Number of protein chains: 2
Amino acid sequence: MALEHALLVSLRERAASGSELTRRFDKSFGYFWSATHQQIYRTLARMEADGWLTSTVVPQQGKPDTKVYDVSPVGEKILAAWLTEPPATTPLRSDLAVKLRGASFADDRAGVLDMARGQRAEHEARAAAYRQMLARQFPHPEDLPDADLDRYLVLRAGVRVEEGWIGFLDEYLSTHERRAAGVRAKEA
Amino acid sequence: MALEHALLVSLRERAASGSELTRRFDKSFGYFWSATHQQIYRTLARMEADGWLTSTVVPQQGKPDTKVYDVSPVGEKILAAWLTEPPATTPLRSDLAVKLRGASFADDRAGVLDMARGQRAEHEARAAAYRQMLARQFPHPEDLPDADLDRYLVLRAGVRVEEGWIGFLDEYLSTHERRAAGVRAKEA
DNA sequence: AGCACCTATGCAACAAGTTGCAAGGGGTAG
DNA sequence: CTACCCCTTGCAACTTGTTGCATAGGTGCT
């Protein structure tokens, strides 16, 4: 629903080509709005047709020509208005939450716990990646210009979300591990 | 991608009609996997065609007949296997995160902060709803059967996710409010 | 010169999710 | 008896997101 606006934000930060935007959405921007190159190209075309963006073909050294997009005055207005509108409630869909809720229907509870450990490791890795980005991109966060402060704070949100998952998985795993230990003790 | 499996989990918990499943996905189950009635009906039809589910038409008092679905042995196997498979990485898409990252492009920073306060209130309300559900459905969580323990723990994940958002929004708002106060002090 | 690979862009088909609408049964009020 | 509302199910079209594939330019190697 908001890919257009995510593209507007990214392009306002810095004009870019479809290819460059695809890379951005695979990395930093992609941590809170992901999109495939095909979706990005199709949406850019529609936004240009609607007058939200302008584009310029730029020859490159040793590479094909590239199409650099920028936000038009119309697009600036549309983005400014969108930024203060309350967002629609984003429906949540989590495979992991569904799996853990249904874990008692697995053949093997241990297999589910192993899967949960693997997921915990992935969330840990993601949190570590965010922290590394924070340290690298914002070594001195006390005195940032407004736009950088926003990027900094939103990146910290990423860390919080990962920490939330890690805390949950820790609780889930330790509760089940304690249960399993209690069952084994009772069987002694 | 996993609506089929979410339906399998919900139906293994208790057989239900499409209408009843729609209500479940609007409420408790919907907190981590949401779906519209149309998607649910279409997916149920496909799952029955594929042999994952069985259904029985049940007359009702004062209401039209209803179609009660249950999981077939084939469906049970498919679910059991899915539960231990590592989930695909769920792409994240957050309107709110995009808005806050792009806040410096708004006409009015105060408008964005107001929107953020509204979002904070919504997350607070959602966390409170989860807590109330926890208190009501699991007054004594120390000695739950396995399946109920899973439902209890996953519900607590919901609380953690909301608390993560609240913590982030608190930081975002207080940081910008301090900045605004600092600017006003400097103008004095 | 030709081939393989990389880069940048984009078409087409399909899947997932949503919206709008509709059909038919049951019950109630006028 | 009729009209309206509720309930349950489901069709169709559209939007969003994904996958697979393709085109064309540029470079390097054989």
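The figures that follow rest on heavy atoms only: side chains count, while hydrogens, waters and symmetry mates do not. So that the names make sense, note that chain A is the first sequence line, chain B the second, and so on, each numbered from 1. Keep in mind that what you see is a predicted model, and the values were worked out from it rather than measured.
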**Study point:** A:Q38 side chain, from C-beta outward: closest of C:dG17, C:dT19, C:dC11
**Key:** C:dC11
Check your understanding: Rounded to whole angstrom units, what separation is found between the CZ atom of A:R24 and the P atom of C:dA8?
Key -> 13 Å
Point to revise | Salt bridge flag under 4.0 Å for residues A:R131 and A:E162 | key: no
Check your understanding: Roughly how many Å is it from CD1 in B:I40 to P in D:dT9, rounded to a whole number?
Key -> 11 Å
Point to revise | Nucleotide of C:dT18, C:dT9, D:dG20 approaching B:T36 most closely (side-chain heavy atoms) | key: C:dT18
Check your understanding: Atom CG of B:D65 to atom P of D:dG10: distance rounded to whole Å?
Key -> 12 Å
Exercise for review: Give a yes or no on whether A:R136 atom CZ has more than 12 heavy-atom contacts from other residues, nucleotides or ligands under 6.0 Å away.
Suggested key: yes
Point to revise | Option passing side-chain contact (heavy atoms from CB on, under 4.5 Å) with A:S10 (candidates A:F29, A:Y69, A:W33) | key: A:F29
Exercise for review: Tell me which nucleotide among C:dA8, D:dT9, D:dT16 gets nearest to the side chain of A:R23.
Suggested key: C:dA8
**Study point:** Integer-rounded Å distance: D:dT18 P and A:Y41 OH
**Key:** 16 Å
**Study point:** Given C:dG17, C:dT9, D:dT8, the nucleotide with the shortest approach to the side chain of B:W33
**Key:** C:dG17
Check your understanding: Hey, is the side chain of A:R42 pairing donor to acceptor with the base of D:dG17 inside 3.5 Å?
Key -> yes
Practice item. Compare the minimum distances between each of D:dT8, C:dT9, C:dG17 and the side chain of B:K63, then state the nucleotide with the smallest one. Key: D:dT8
Point to revise | Distance in angstrom units between B:R93 CZ and C:dT18 P, rounded | key: 12 Å
Check your understanding: Counting only distance, no hydrogens or angles, is the base of D:dC7 paired donor-acceptor with the side chain of B:Q60 under 3.5 Å?
Key -> no
Check your understanding: Over how many whole Å does the gap from B:Q39 atom CD to C:dG17 atom P extend?
Key -> 4 Å
Review point. For A:K67 and D:dA24, what is the distance between atoms NZ and P respectively, to the nearest whole Å?
Key: 16 Å
Review point. Can you tell me how far C1' of C:dA16 sits from CG of A:D95, to the nearest Å?
Key: 13 Å
Exercise for review: Compare the minimum distances between each of C:dA12, D:dG10, D:dT8 and the side chain of B:T66, then state the nucleotide with the smallest one.
Suggested key: D:dT8
**Study point:** Among C:dG17, D:dT9, C:dA16, the nucleotide that comes nearest once only the side chain of B:S17 is considered
**Key:** D:dT9
Practice item. For residues 99-108 of chain B, pull every pair meeting side-chain hydrogen bond (donor to acceptor under 3.5 Å, both in side chains), keeping only residues two or more places apart or in separate chains. Key: A:E13-B:R101
**Study point:** Residue pairs, two or more places apart or on separate chains, that pass side-chain hydrogen bond (donor to acceptor under 3.5 Å, both in side chains) and touch residues 35-47 of chain B
**Key:** B:E4-B:R46
Revision key, fill the gap. Winner on side-chain proximity to A:H37, out of D:dT8, D:dT19, C:dG10, is C:dG10
Revision key, fill the gap. Whichever of B:A45 and A:A35 has the more 5' nearest nucleotide on DNA chain D, that residue is B:A45
